[in-house]
Amino acid sequence: MSTFLGLYNYWIVVLLMMIGFYIVIGHDNLMKKLIGLNLFQTSVFIMYISAGAIDGATAPILGNVDAPYAHPLPHVLILTAIVVGVATTALGVALVVRIHEAYDSLDESEIIAACDTGDEPAGEHRDNA
Amino acid sequence: MHPGERRQAGIMQRYSVSLGAVLVALWLLLSGHYSALLLGFGAASCLLVLWLARRMGAVDAETQPLYLMRHLPGYWLWLMAQIARSNIDVIRRVLRGHNAISPTMETVQVSGRTELAQTILANSITLTPGTVSVDARRNTITVHAISAEGAADLNGGEMDQRVRGLETREPGYHR
Amino acid sequence: MALLLDIASWLLLLSGALVAVIGGVGMLRLPDVYTRMHAASVTDTGGMILILSGLLLQAPHWLVAVKLLLVALFLLLTSPTAANALANAAIQDGIKPMLGGQRRG
Amino acid sequence: MTIALPWLMALPAAGALGVMALGRWPNLRDGLSVVTALLLFAAACSWLGPVLDGARPAVTLIPILPGLSLSLALEPLGLLFALVASGLWIVTAIYAIGYMRGNDEHNQTRFFACFALALAAAMGIALAGNLLTLFLFYEMLTLSTYPLVAHKGNDDARAGGRTYLGVLLTTSIGLLLPAIILTWVVAGTLDFTPGGILQGHIAPAAAAGLFALYLFGTGKAALMPFHRWLPAAMVAPTPVSALLHAVAVVKAGVFAVLKITVYVFGIDFAAAGDFTTPMMWVAAFTILAASVVALTRDNLKARLAYSTIGQLAYIVLGATLANGMAIAGGATHIVMHAFGKITLFFCAGAIYTAVHRTRVSELDGLGRVMPFTMGAFLVASLSIIGLPPLGGAWSKWALMVGAADAGQLLMIAVLAISSLLNIVYLLDIPARAFFRPGTDLPAGRQEAPLACVVPLCVTAAGSVVLFFVGGHILQLLAPVTGS
Amino acid sequence: MIAHFFAQLPALPVILPLLAAPLCVLLRHATLAWLTYCTVSLAVFGISLLLLVQVHVGIPISYAMGGWAPPVGIELRVDTLNAFVLVLVSGIAAVLGPYTRASVAAELPAERAYLFYALMLLTLCGLLGITITGDAFNLFVFLEISSLSSYALIALGTKRRALLAAFQYLVMGTIGGTFLLIGIGLLYIMTGTLNMADLAERLPAVADTRTVEAGLAFIVVGASIKLALFPLHAWLPDGYAYAPSAVSAFLAATATKVAAYVLIRFIYTVFGATYAFGQLPLGEILALLAVAAMLYGSLAAIFASDVKRLLAWSSVAQIGYIVLGVALATPAGLTAAILHMLNHGVIKGALFCAAGALFWRLHRSDLASLAGAARAMPWTSAAFLAAGLSLIGVPATAGFISKWYLLAALFEAQQGWLAAAVLISSLMAVIYIGRVAELLYLRPAPDNVPAPTEAPTAMLAATWTLVLVNIGLGLYSTPVVDVVRSAAASLTGGGA
Amino acid sequence: MTEHTILRVVAKLTIPFILLFALYVQFHGEYGPGGGFQAGVIFAAGIILYTLIFGLDEARRVIPPWAVRALISGGVLIYAGTGVACMLLGGDFLDYNVLAHKPAHGQHLGIILVELGVGVTVTGGMIGIFFVFAGRGRRREGTVE
Amino acid sequence: MFAAAMAGVAVTMLLLLIRALLGPTVYDRILAVNVFGTKTVLLIAVLGFLDGRPEFLDVALVYALINFIGTVAVLKFMQYGDLGWGESDHPDGDV
Ligand code: NA
Ligand code: NA
């Protein structure tokens with residue numbers, strides 16, 4: 001049962017990964033790419049969660065009186081990976097928003113076409129926080 | 001400083017103290033650890049929140065309704081009973097299906113004078129199944145009711161009266 | 001006494017679950033967004049209060065009880081607020097409520 | 001008294017810096033060029049006696065890689081090349097001053113600086129103690145002469161420069177460098193060692209491949225089919241042609257070929273392994289083919305360029321014959337051809353400066369207008385053809401003896417036929433100048449400026465003098481050739 | 001006290017930039033932020049040198065974060081290889097200090113300059129962290145720190161196209177990072193450890209499983225994306241072409257080198273060369289891709305019409321050299337690869353600095369705009385030329401040394417065809433560098449444009465420092481080669 | 001959204017308690033599943049609720065941009081500074097044992113400080129990100145006018 | 001018994017999910033998702049008791065908070081197309 005569950009997890013991981021990857025590659029829309037990327041990353045979080053479940057390391061806190069704090073490994077890893085993922089998504093969205101402001105489009109091929117045809121004077125684009 | 005301003009400031013201090021007291025109480029309830037360190041953190045946290053709340057303008061009669069306190073528990077009990085009653089009513093209608101409902105829109109007068117009163121009334125209306133406040137402006141609340149009976153109950157105005165009854169003392173804040 | 005408490009708790013939990021499900025059914029059965037909000041209200045108030053009360057009777061420590069009450073209080077404060085905002089937004093958006101004896105089709 | 005080896009390189013390098021610094025004062029700048037050239041020649045001469053006495057000074061400068069240093073070592077072959085290059089630099093420098101000023105060329109500072117830099121590189125090649133050092137200065141020579149070739153900066157010059165750089169860098173990076181690294185991998189050393197370093201480390205069949213890599217890789221030796229850069233470099237001003245054809249560049253190429261044959265493969269190994277024969281045929285083919293092409297060229301500098309290609313192949317042939325006499329002949333031919341060819345290019349430049357003519361067919365009757373120039377041309381031609389009493393006779397003779405020693409009688413035939421072709425394409429020019437009537441020529445004598453004429457007379461006279469010192473040259477080379 | 005200081009050295013390269021980055025944000029002052037950056041990068045450079053000396057004469061240093069013993073806690077582990085990479089990364093960062101001042105002033109709005117320095121410091125922190133950590137997951141975290149901050153840095157570029165370039169880099173980089181994370185996760189599942197030394201010990205027991213094979217594949221692909229190995233290089237040319245000049249120089253000189261380090265570390269230390277090259281046809285695949293990268297990158301550089309893009313494509317090609325050395329799986333090949341990491345870092349740093357100085361004056365980076373610039377900007381042009389010659393591999397330059405070792409390694413491994421590819425790629429470098437040099441020196445400057453003047457001294461100083469290091473390495477590489485050889489020997493299991 | 005009386009009143013009523021709850025989570029990390037990260041998220045959520053209801057300008061008055069930057073960088077400084085303090089006190093980086101006379105106390109203190117750093121940074125980061133995104137659409141509207 | 005309550009809540013969530021998918025208006029979906037959120041709060045609370053880890057109540061409280069803010073944000077975005085809109089931005093007074 002547990003092996004089946006384990007395998008089941010991994011199938012979900014693989015499926016999510018494929019879907020995410022497909023969206024990243026197959027779509028021209030930058031926002032969709034970002035969503036695909038997120039899906040792709042999420043699949044990995046699930047993989048790590050599955051790994052943690054196999055280990056049986058559910059308690060986030062181990063250790064004794066002298067050492068109240070230890071590395072509760074799987075959870076720290078997942079949390080860290082999620083933070084990284086969130087940061088990536090936030091930066092990605094920020095870029096998408098600014099690309100949309102600069103080009104009025106979110107379509108990658110349209111944007112590239114706009115770059116290739118229109119010459120861009122240096123210093124035309126300045127950003128702001 | 002004008003006398004009026006001074007009075008405002010005095011009121012402000014009072015509200016701050018009351019918010020601070022509530023915050024401290026909440027901290028003590030939540031924490032469960034009463035070591036010096038954590039109590040210190042608690043004090044610092046309460047002060048920080050108080051300071052921020054004042055910056056936000058969130059310390060006033062609306063949020064520290066000292067004057068309501070006396071009547072609030074009674075109101076709560078009454079409201080709970082209302083909720084229980086209307087729950088049963090709506091459950092019955094849900095189970096009976098489409099034929100059991102006759103949605104209506106009604107306008108309810110608010111006789112309470114403050115925004116807080118309006119809010120309490122609107123939320124109470126919404127909280128009781130069978131009625132939802134759709135729009136609240138000036139002295140009226142537009143209500144959507146699942147049945148004409150429910151709407152009629154509201155127009156009886158018992159809830160409005162009870163909300164108004166909460167304001168026994170004149171607050172220093174007018175709508 | 002403990003047994004009584006347990007029985008009461010079970011009853012509350014069961015009835016809470018039942019009320020929640022009925023609310024969910026109402027979400028499906030009722031004809032438009034405004035009427036569905038009433039069904040939502042059933043699960044949000046009735047279901048919630050019953051279940052949390054059931055849990056309250058099982059609370060191992062007064063701290064847990066306090067937190068349960070806080071959760072309930074927060075939900076009682078925010079869920080009607082969200083519902084108000086939702087209904088208001090729908091009306092503003094021009095979604096007309098189905099009134100009186102109107103029926104679909 | 002001798003001058004430490006590094007100074008032989010440092011001197012022209014310092015000269016280059018000085019030239020750049022003095023850019024604003026043309027007289028000082030050009031004076032510095034000549035002074036540096038004189039000093040360099042004197043420094044090189046200071047080593048003549050000691051080397052003849054058997055001195056073999058060596059200096060290790062920096063360990064570039066573990067086990068591989070930038071090192072200098074002086075031996076007879078290198079000294080000979082150093083003497084030729086530094087000696088001819090003196091006259092070339094004087095000639096260049098006249099030419100550049102006479103033609104009012106731009107960017108003269110860059111020109112003279114690069115010229116001095118090229119000489120520094122040539123000295124490095126002459127003194128290289130190992131293949132790495134040789135390769136370093138070989139590349140430095142290519143790069144420092146590129147601005148000279150492309151000096152005019154117009155489209156033609158840039159195209160010529162591209163070909164020049166393209167062929168030389170392609171062969172050196174694509175063939176010479178791998179050959180060197182292979183040697184390093186196989187032999188574990190790159191030091192030039194009497195008797196060679198490869199014997200016993202490599203099979204003769206592989207050695208034949210490696211030898212080919214070296215000879216083709218030394219693009220400056222202009223073996224066909226890697227000769228295109230030399231005609232392409234005609235676009236350069238005449239002093240540059242002199243530098244390329246006589247002073248440094250091509251001579252560095254054939255010098256490297258000789259040095260690699262003698263000190264990397266070793267004459268004995270080459271003779272015993274018999275792996276040089278394929279390249280001998282390439283050299284023979286180049287001799288004949290270049291001579292035939294030279295015949296068909298009407299542009300004077302192009303004809304001289306193909307002549308150079310053929311003459312260089314003589315030297316390569318000497319290396320591939322792989323015996324003492326042939327090597328001696330090749331080495332001697334470096335000197336003889338240098339004097340002859342520099343004279344011919346000086347003459348071509350003088351003709352261009354005086355009457356602005358560049359084609360052979362336009363030179364009819366010029367002998368009366370420019371008697372000194374055309375006289376020098378005649379002398380140099382005869383030397384290159386190999387007639388006594390001119391220097392070229394020594395090298396041709398030695399090469400023939402070498403071919404006979406090697407039992408390659410066909411090569412004697414090749415040398416003979418090519419001499420006939422030399423006569424046809426070289427003597428054609430003074431013959432026209434002196435015996436055909438000219439058209440549109442100035443009435444009286446009209447030589448180029450003195451700064452041009454004097455050097456070409458000096459180098460022509462040098463060709464004569466060389467006939468009488470040829471024996472001493474062979475004596476200097478004796479320790480190398482073992483004869 | 002001194003002993004304690006020395007014991008703490010390994011932590012500092014990560015901590016100092018990590019502390020300095022928020023400091024820059026707090027200071028919000030361009031000059032102060034710049035001073036912070038300069039101070040920290042110089043300090044870190046000094047520390048890295050000390051570490052290198054320490055491990056070169058001694059044994060690898062292990063530093064336990066939080067005082068937890070290595071397999072449990074996060075370990076910082078310094079051996080010759082990563083001390084060497086630390087020196088490279090921090091050295092480039094330090095040299096770029098003076099350069100950034102003028103470059104940033106010209107290309108970024110003044111009120112955002114502090115942000116630039118904060119991001120540079122974060123990138124530096126990430127790169128140094130990747131290099132120094134002994135923990136695989138920690139490596140991933142540092143990788144993402146450096147990646148995220150470099151996306152942001154690229155987005156600071158002056159053209160709006162920089163935004164798209166940053167986004168594309170973000171997408172590719174995230175996929176690469178995630179692949180790495182998957183690979184690390186698979187290893188973790190199989191061994192229960194994340195410490196790389198520990199992994200190396202425990203992997204042989206489970207080496208024959210598909211999971212470990214998959215882990216190897218994911219890690220190699222992930223590192224290859226970060227490394228921009230052909231055909232996973234798509235993000236690099238745009239990223240480097242549109243980033244602010246100082247960023248191009250910094251990233252081109254360091255980021256891909258650190259990615260190469262990751263590849264080497266995983267293949268040689270964690271998996272072990274025998275397993276990594278024995279299990280899959282990894283060596284063959286890498287060599288093939290390396291050759292494709294060398295030829296394709298060089299070809300693209302030849303046809304590039306923008307100088308920064310040209311240099312970026314050349315980086316794609318040069319990465320091929322590094323990977324080729326890695327793929328040989330011999331001490332000589334690895335020596336060549338590690339040497340080229342350093343040498344190419346210095347060369348590309350110098351070239352991008354020079355390109356940035358040209359851009360600083362000309363406000364354009366298309367090739368046509370460079371015509372005749374050498375007359376007005378002799379020092380910048382000469383720097384470009386000198387570094388370009390090194391890129392080609394002309395003797396007496398750093399590029400020659402690494403090419404020498406690479407070719408020797410190839411001949412030693414009897415891979416003549418691969419050597420031919422290296423040589424062809426070098427010759428292609430002659431063409432693209434030659435194009436720029438010809439434009440700079442032999443073309444007349446356009447008449448209608450006012451003649452530019454030489455770049456500011458600070459920029460020139462940084463550029464020429466790199467050029468001189470370049471020549472210095474070319475003339476006297478013995479000590480460096482000794483260090484690299486001992487690093488390669490310890491990685492391939494031979495004695496130092 | 002300020003014209004939504006109900007929302008406004010409820011928000012004012014709840015936000016102080018949300019913030020206090022965040023701080024409670026922050027300082028009770030080692031006793032429950034909380035910690036700096038979660039606390040940061042909750043605290044930022046409180047500010048975000050305020051922004052949603054009272055507008056970005058008002059929110060920026062309460063938490064000015066410099067404060068956001070200070071939070072982000074200050075948090076990192078607290079975190080790394082704690083580590084450095086450990087080093088200066090003779091331990092390794094983040095080796096809390098040296099922070100107090102008894103190792104257990106040191107660890108306690110170290111965790112609190114590090115979690116505080118994380119919480120402050122997360123708070124600042126979330127608020128910063130939300131401010132940036134919330135401001136985008138409006139800026140575009142502004143340019144249209 | 002907790003399990004029974006959880007099952008009830010889970011069934012409710014399933015029904016809500018169906019409503020969220022059916023729509024038909026966007027407000028139906030928002031309503032369904034919002035109530036789904038409050039049911040999640042209950043689920044977490046019960047789960048905590050089931051597991052004997054009542055500290056899950058903290059999580060439940062946080063979830064309730066996030067759910068509320070999320071709903072408000074979505075509604076605001078629907079109404080104004082922007083999350084930063086405030087009193088000072090009103091071009092023409094009340095909407
Ligand atoms: Na209701
Ligand atoms: Na915690």
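Within every chain, numbering begins at 1; the chains are lettered A, B, ... in the order of the sequence lines, protein sequences first and strands thereafter.
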Does a side-chain heavy-atom distance below 4.5 Å link E/Gln168 with A/Glu108?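 Touching, per the 4.5 Å side-chain cut-off.
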
Is the closest side-chain heavy-atom distance between E/Leu181 and A/Val84 below 4.5 Å? no

Taking ring pair (Phe, Tyr, Trp, His ring centres under 6.0 Å) as the definition, give me every residue that meets it alongside E/Phe167, ordered by chain and number, with sequence neighbours left out. none

Results of ring pair (Phe, Tyr, Trp, His ring centres under 6.0 Å) for E/Phe142 - residues two or more places apart only: none

Nearest 0.5 Å, what's the [atom1]-[atom2] distance between [X] and [Y]?
X	Y	atom1	atom2	result
A/His100	E/Leu163	NE2	CG	13.0 Å
E/Leu170	A/Lys33	CG	NZ	11.5 Å
E/Thr174	A/Asn38	OG1	CG	9.5 Å

Under a 4.5 Å heavy-atom cutoff, which of A/Val83, A/Ile111, A/Val96, A/Thr88 has the most pairs with chain E? A/Thr88

Minimal non-hydrogen separation, E/Ala152 against A/Leu91, with atom names: N-CD2, 4.3 Å

Which bit of E/Ile184 comes within less than 4.5 Å of chain A, counting heavy atoms only: side chain, backbone, both or neither?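 Both parts, heavy atoms under 4.5 Å.
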
Chain A heavy atoms under 4.5 Å from E/Val171: which part of the residue, side chain, backbone, both or neither?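 Contact with chain A is through both the backbone and side chain of E/Val171.
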
Under a 4.5 Å heavy-atom cut-off, does chain E meet the side chain of A/Leu37, its backbone, both or neither?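 For A/Leu37, the side chain is the part near chain E, not the backbone.
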
Is there any residue in residues 17-30 of chain A with a non-hydrogen atom under 4.5 Å from a non-hydrogen atom of chain E, and which ones are they?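 If one takes a 4.5 Å heavy-atom cut-off, the residues of residues 17-30 of chain A near chain E are A/Met17, A/Phe21, A/Val24, A/Leu30.
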
Name all residues meeting the side-chain hydrogen bond (donor to acceptor under 3.5 Å, both in side chains) criterion together with E/Thr178; count only those two or more places apart in sequence or in a different chain, and write none if there are none.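 None.
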
When you measure from the side chain of A/Tyr103 to the backbone N and O of E/Arg161, does any donor-acceptor pair fall under 3.5 Å? yes

